[in-house]
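This report refers to the structure that appears directly beneath it.
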Amino acid sequence: MIQKSEIRDGIKSRMLRRGVFAGIALCSVSFASAQELRCTVEVNSQKIEGTNKSVFESLQSSIADYLNENRFSNATFSPNEKLECRFFLTVGEYDNDRIKGDIQVQLSRPVYNSSYTTTLLNFKDTRVEFDYKDGDPLVFNETSQQNNLTAILDFYAYLMLGIDFDSFSPEGGQQFFDKAQSVVQAAQSTGEIGWKAFEDTKNRSAVISVYTDANTAPIRKMLYDYHRKGLDEMVTSPDKGRATITESLKDLQKVYKNAPMSVALSMFRDAKLDELVNIYSKAPATEREAAYEILQPIYPTDVERLEKIKKGDEEN
């Protein structure tokens, strides 16, 4: 188990690395080999009957090896700096080596000076299809896509790195969002679902647009302000950190005004709304009201959680 002191040391190092790497081109720099992800992978095939389950066991092992043993950047990560992520594939159909289903992708990050981890990403991709035979090798190649499965894995690896780096330094994840966008562009010519613009408002093309489109650009500023200037400050200065988080919600409001149908809004809700209930539980009434006034028009159906934000711990 990683001790709290290790988390503190690790996050200090991560802040330095994210800040340093944000402004330089990594492709020409050589670092010691160290993978970036520590990803828990689960393949659920309960919906599939009458099939040898070994293919799904093999798939689970192959995905885990691909995400955890390949390097998706030139940055060096010590073991306690690796990105903690979860990758859950639910198989809905399996026929002639064709797998259809959905993937839940989750990414978390430690909060400085605490043992608390915060969710950066909690997204369900429902447009997942790929071919896979038992024992098929998954080979990483940064310049070309082996198949649709490796393209999907590459996309989410780059996406998670981009989001994580953005949370440590302003727009620090740009290089990774550029790589994720390149994966999308290359995959759009394959005819596979989940990649084309305007095909779906919540597919992979729509997701990367959150971080590359001018209308939703404020979400990236929010990633940094909310986490580095907000959450990371809350242990030593709760009022200051919470006030920064409240201010950062105005960037979410800008996204809503610019692109009210953007998947950015549901991605934020799924990752952060429960956390905001806790953040504002002991906040002054004025802060709770300010947060509520921003969030209520964006999430009008999330009545229960929004009311908790508005009321806080009333007995206190």
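What you see below is based on every heavy atom in this structure, not just the backbone, and it leaves out hydrogens, waters and symmetry mates. Everything numeric here is computed off the predicted structure, so don't read it as measured data.
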Stepwise salt bridge (Lys or Arg N to Asp or Glu O under 4.0 Å) test for Asp225 and Lys250: CA-CA 11 Å; Asp225 290 344; Lys250 293 179 181 179; over 6 Å; no
Evaluation steps, side-chain contact (heavy atoms from CB on, under 4.5 Å), between Val105 and Cys85: CA-CA 7 Å; Val105 184; Cys85 53; 5.9 Å; no
Salt bridge (Lys or Arg N to Asp or Glu O under 4.0 Å) between Arg242 and Asp239, worked out: CA-CA 5 Å; Arg242 190 177 56 244; Asp239 292 342; 2.8 Å; yes
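With respect to Lys221 and Glu247, no salt bridge is recorded, no charged nitrogen being found less than 4.0 Å from a carboxylate O. Classification of Arg109 and Asp164 as a salt-bridged pair fails, no side-chain N sitting under 4.0 Å from a carboxylate O. Salt bridge present: Lys308 and Glu304 bring a charged side-chain N and a carboxylate O closer than 4.0 Å. A salt bridge is defined here as a Lys NZ or Arg NE, NH1 or NH2 lying under 4.0 Å from an Asp or Glu carboxylate O, and Glu129 with Arg98 meets this definition.
The one candidate from Thr301, Leu295, Val303 that meets the side chain to side chain contact (heavy atoms under 4.5 Å, CB included) condition with Tyr299 is Leu295. Checked against Phe56 for a side chain to side chain contact (heavy atoms under 4.5 Å, CB included), the options Val91, Asp134, Leu89 give a single hit: Val91.
A distance of 8.0 Å separates OG1 of Thr190 from NZ of Lys196, quoted to the nearest 0.5 Å. Considering NZ of Lys53 and CD of Gln46, their distance stands at 8.0 Å, rounded to 0.5 Å. With rounding to the nearest 0.5 Å, the separation of CE in Met261 from OG1 in Thr201 is 6.0 Å. For the atom pair CD1 (Ile219) and OH (Tyr226), the distance works out to 11.0 Å, reported to the nearest 0.5 Å. Here the NE2 atom belonging to His227 is positioned 8.0 Å from the CD1 atom belonging to Ile245, to the nearest 0.5 angstrom.
Taking Phe177 as the reference, Tyr211 meet the ring pair (Phe, Tyr, Trp, His ring centres under 6.0 Å) condition, with sequence neighbours excluded.
Looking only at side-chain heavy atoms (C-beta outward), Trp195 and Ile208 stay at 4.5 Å or farther from each other. Proximity of Asn147 to Phe130: side-chain heavy atoms (C-beta onward) are nowhere separated by under 4.5 Å.
Side chain of Asp125 to main chain of Asp102: no donor-acceptor pair is present (N/O by atom type, distance under 3.5 Å, no hydrogens or angles). With Glu287 contributing its side chain and Pro284 its backbone, the two residues share no donor-acceptor pair below 3.5 Å. Between the side chain of Thr216 and the main chain of Ser209, a donor-acceptor pair closer than 3.5 Å is present. In this structure, Ser182 contributes its side chain and Asp178 its backbone to a donor-acceptor pair below 3.5 Å. Panel note: side chain Arg228, backbone Ser169; no donor-acceptor pair is recorded below 3.5 Å. In terms of modelled atom types and a separation under 3.5 Å, the side chain of Arg71 and the main chain of Ala75 share a donor-acceptor contact. Distance alone, capped at 3.5 Å, is enough to place a donor-acceptor pair between the Gln35 side chain and the Glu69 backbone. Distance alone, capped at 3.5 Å, is enough to place a donor-acceptor pair between the Gln146 side chain and the Val139 backbone. Of the possible polar contacts, none joining the Lys179 side chain to the Gly162 backbone as a donor-acceptor pair under 3.5 Å is found. Under a 3.5 Å cut-off, the side chain of Arg86 and the backbone N or O of Thr40 do not form any donor-acceptor pair.
Inspection of the Thr118 and Glu275 side chains reveals an N or O donor paired with an N or O acceptor under 3.5 Å. A donor-acceptor contact closer than 3.5 angstrom links the side chains of Asp154 and Tyr66. Defined by atom type and a distance below 3.5 Å, a donor-acceptor pair is missing between the side-chain atoms of Thr236 and Tyr112. Inspection of the Glu233 and Thr244 side chains reveals no N or O donor paired with an N or O acceptor under 3.5 Å. Side chains of Asp136 and Ser62: a donor-acceptor N/O pair is absent below 3.5 angstrom, by distance only. Side-chain contact annotation: Asn122 with Gln104, donor-acceptor N/O pair under 3.5 Å present.
The nearest pair of heavy atoms linking Asp313 to Lys282 is OD2-NZ, 3.2 Å.
Residues Phe176 and Phe72 keep their aromatic ring centres 6.0 Å or farther apart.
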